[in-house]
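Have a look at the structure below, then the notes.
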Amino acid sequence: MESPLSTSAHRALQIDEVLTSVFRHLSPYIWERQVLLASPDGLHIDYGKDFSHLAADALPRADNQQALVRCSLVSRTFCPHALKVLWRTLPNLRPVQHLLNSMQFSYADLESGTPYHTFPAHIDTSSLTARKWRRYHWYASCIVGVRAVIDYNALEEWSDRGGPPLLPKLQSARFRLDPRSINRALRLLVTSVRDLTINLDSSGVHWEGSPLSTADILRAAARRAPATEVLNVTFKAPPKDLLPILPLFKHLRALVITGWMTPSFHEAIEVLEHLELLYVKLYWTHHADASLRDLQLRRCSSIKAFVALTLSEPILCALRMTEFPVLERVRLEVWPHASDATEALTQIMDTLHKHAPKLRSFVLTTRSAAKHGDRPPPRLATVLDPLLEHAALETLSVTLEDNYAFALTRADILAFAVAWPNIVTLHLAHAPARSPDALPPLVTVLDFVAACPRLETLVLCARFDCTSRDTWRDAAIPPHSLRGLFLGLNAETGSYRPDKTWRALAAVLDRCFPHLDVGRNLVRAAVVEAQTMELWQGVLQHLQDIRAGGRRSLSPEL
């Protein structure tokens with residue numbers, strides 16, 4: 001009988017397998033398709049660019065590239081393993097072009113009307129040409145990703161008339177289509193492609209005198225790369241009809257669209273049965289398409305994560321008419337052209353409450369074009385009220401820029417603790433409003449954190465009253481695992497010996513939050529005003545002094 005203490009035997013790795021595993025850690029490109037599908041919230045979004053950078057790391061790690069080159073020169077054993085990783089992802093097609101040139105015959109050379117390379121058996125295996133062809137084929141088979149296809153001239157040596165694929169194992173391709181080489185670029189696609197980026201400079205592109213529409217190009221891409229899982233498309237003009245095209249990508253799991261919202265696009269999303277992640281960056285227009293106001297209700301039954309930039313009237317219409325039964329993560333970048341977007345924000349929250357019952361993470365950035373003037377600032381809790389019924393919420397991040405001040409009371413903050421017992425990140429960044437009501441006392445923060453055991457990051461930019469130190473200086477809460485903290489403080493609190501107040505606050509933070517990271521920049525000064533940022537940085541400096549000099553070196557009473 002087999003002993004209960006026996007373990008299953010594992011095959012010992014060969015030297016080649018060990019080297020392959022080691023060198024893969026030196027990949028110059030970190031981005032992988034699986035990362036995008038697993039954690040879209042962690043992606044950096046550059047507001048000055050389109051979404052094309054999400055599907056491609058344009059800046060490889062130069063130190064890794066240099067290390068791989070050096071390893072390839074160490075020995076014949078190291079060389080192939082290092083080169084396979086170095087050539088796995090190319091920034092463009094120039095290295096391929098150099099290989100073709102070094103073969104001393106064109107990839108497009110013909111013999112009796114047939115591409116030369118289709119008959120390698122007819123070539124003398126001892127010839128220099130055959131050896132160069134095998135050398136090219138080895139390098140080409142290493143290439144899994146091409147991050148940018150350069151201009152028409154880069155493909156001059158490649159035959160338009162058939163033959164084997166230029167890159168037989170390509171999985172990730174990024175195209176900025178050149179009107180003169182559309183067919184040639186599309187021929188790069190093979191059935192192994194899983195990640196595809198296409199940047200269309202116009203809605204209609206002409207090649208050899210024949211018009212190729214956006215639909216024609218996408219249809220050809222779907223035919224050549226039917227297993228695509230991540231599709232990133234940039235439109236420069238409204239596409240006419242996407243409904244019959246997008247469903248051709250039957251295995252699509254992530255869709256990134258930069259361009260225009262159309263009824264056809266809204267309808268096509270519902271048909272994509274496996275779509276999990278939807279990124280949309282919309283061009284804003286003064287006059288929303290009238291047909292968008294009469295959209296039919298759609299049910300996106302598979303989308304788990306949704307990201308939208310430049311949230312304007314078209315996308316608001318689409319959101320109001322879309323149900324997301326399994327949606328878990330939402331990220332919105334809203335740049336309204338009205339002076340006050342409070343009504344639009346409230347509509348967004350209400351839509352998510354009604355149509356996204358499983359929401360766990362919500363990240364919002366927006367701005368207001370004008371101050372509130374003499375009007376009382378709206379309560380942030382009024383905007384967030386619909387989300388208070390989402391008890392499963394773990395991440396809530398709301399950043400309100402450009403004088404978009406909100407009032408936040410003690411009752412609001414404690415209501416958050418009751419509504420979201422599993423909250424991990426609560427990030428409410430806005431200009432601290434001078435509310436006519438009483439400022440929330442500092443002890444409110446300690447009570448809130450104590451009620452949220454999983455909380456890791458807390459940003460509350462309301463003005464907190466730090467007077468009555470006796471109420472918070474000796475607060476009896478057990479040490480909490482909070483790691484990130486930013487609080488808006490009332491400058492008038494410290495009008496009498498302010499440094500004593502801030503040192504006492506630092507001592508409380510040191511005792512209650514021993515793992516607090518004082519080096520994290522959680523809020524920009526442009527959002528919360530320079531004075532608010534300066535006050536908080538002063539408190540953190542006191543905390544650093546306490547930790548540097550020992551826990552008891554600075555007494556709160558000093």
Side-chain angles (χ1 to χ4, degrees), residues 29-58 145-149 171-177 189 193-201 203 214-215 217-218 221-222 225 227-239 242-243 245-262 264-266 268-284 300 302-312 314-315 318-319 322 324 327-333 363 365:
Y29 292 91
I30 302 175
W31 188 92
E32 291 291 347
R33 182 175 68 259
Q34 292 79 4
V35 175
L36 176 62
L37 295 173
S39 56
D41 289 341
L43 288 175
H44 170 69
I45 294 181
D46 188 336
Y47 311 118
K49 300 180 180 179
D50 59 25
F51 270 140
S52 59
H53 68 288
L54 292 179
D57 254 338
V146 177
R147 294 310 187 188
V149 176
Q171 295 182 18
S172 177
R174 178 183 180 185
F175 295 131
R176 181 178 292 275
L177 291 180
L189 300 181
V193 169
R194 298 293 184 273
D195 163 29
L196 177 60
T197 295
I198 299 179
N199 191 331
L200 300 163
D201 290 330
S203 58
T214 297
I217 295 171
L218 291 178
T228 299
E229 294 182 352
V230 178
L231 178 63
N232 182 347
V233 185
T234 298
F235 298 106
K236 295 300 182 183
L242 291 177
L243 179 58
I245 305 302
L246 288 181
L248 296 178
F249 295 93
K250 297 180 180 180
H251 302 279
L252 205 58
R253 296 180 60 197
L255 175 62
V256 180
I257 293 287
T258 301
W260 307 82
M261 187 69 198
T262 64
S264 176
F265 174 58
H266 183 244
I269 298 302
E270 184 183 33
V271 185
L272 299 174
E273 299 179 355
H274 304 290
L275 190 65
E276 299 177 17
L277 170 62
L278 176 61
Y279 273 80
V280 181
K281 179 180 179 180
L282 295 177
Y283 299 134
W284 185 82
C300 297
S302 60
I303 294 180
K304 296 181 179 179
F306 175 68
V307 180
L309 269 68
T310 316
L311 193 68
S312 55
I315 194 65
L319 274 177
T322 310
F324 299 97
L327 187 66
E328 297 179 355
R329 291 173 287 190
V330 175
R331 181 170 182 172
L332 304 177
E333 309 289 340
V363 179
T365 299

Q. Going by heavy atoms in the side chains, are V271 and L246 under 4.5 Å from each other?
A. no
Q. A221 and I198: which non-hydrogen atoms are nearest, and at how many Å?
A. CB-CD1, 4.0 Å
Q. Out of curiosity, L277 CG to K304 NZ, how far, rounded to the nearest 0.5 Å?
A. 11.5 Å
Q) Which of these passes side-chain contact (heavy atoms from CB on, under 4.5 Å) with C300: L278, L327, L272, T322? A) T322
Q: First locate atom NZ of K281, then atom CD1 of I257, and finally report the distance between them rounded to the nearest 0.5 Å.
A: 13.5 Å
**Q.** V307, L231, N232 screened by side-chain contact (heavy atoms from CB on, under 4.5 Å) with V256, the one that passes
**A.** N232
Q) What pair of heavy atoms forms the shortest contact from H274 to S302, and how long is it? A) C-OG, 3.9 Å
Q | L319 and F306: CA distance, side-chain angles, deciding distance, side chain to side chain contact (heavy atoms under 4.5 Å, CB included) verdict | A | CA-CA 11 Å; L319 274 177; F306 175 68; 3.9 Å; yes
Q) Roughly how far, to the nearest 0.5 Å, is the CD atom of E276 from the CG atom of L252? A) 10.0 Å
Q. Stepwise, does the side chain to side chain contact (heavy atoms under 4.5 Å, CB included) test hold for F249 with L255?
A. CA-CA 10 Å; F249 295 93; L255 175 62; over 6 Å; no
Q. When you measure from the side chain of T234 to the backbone N and O of T258, does any donor-acceptor pair fall under 3.5 Å?
A. no
Q) Any side-chain heavy-atom pair from L248 and L218 closer than 4.5 angstrom? A) no
Q) Got a second to check how far R253's CZ is from E273's CD, nearest 0.5 Å? A) 14.5 Å
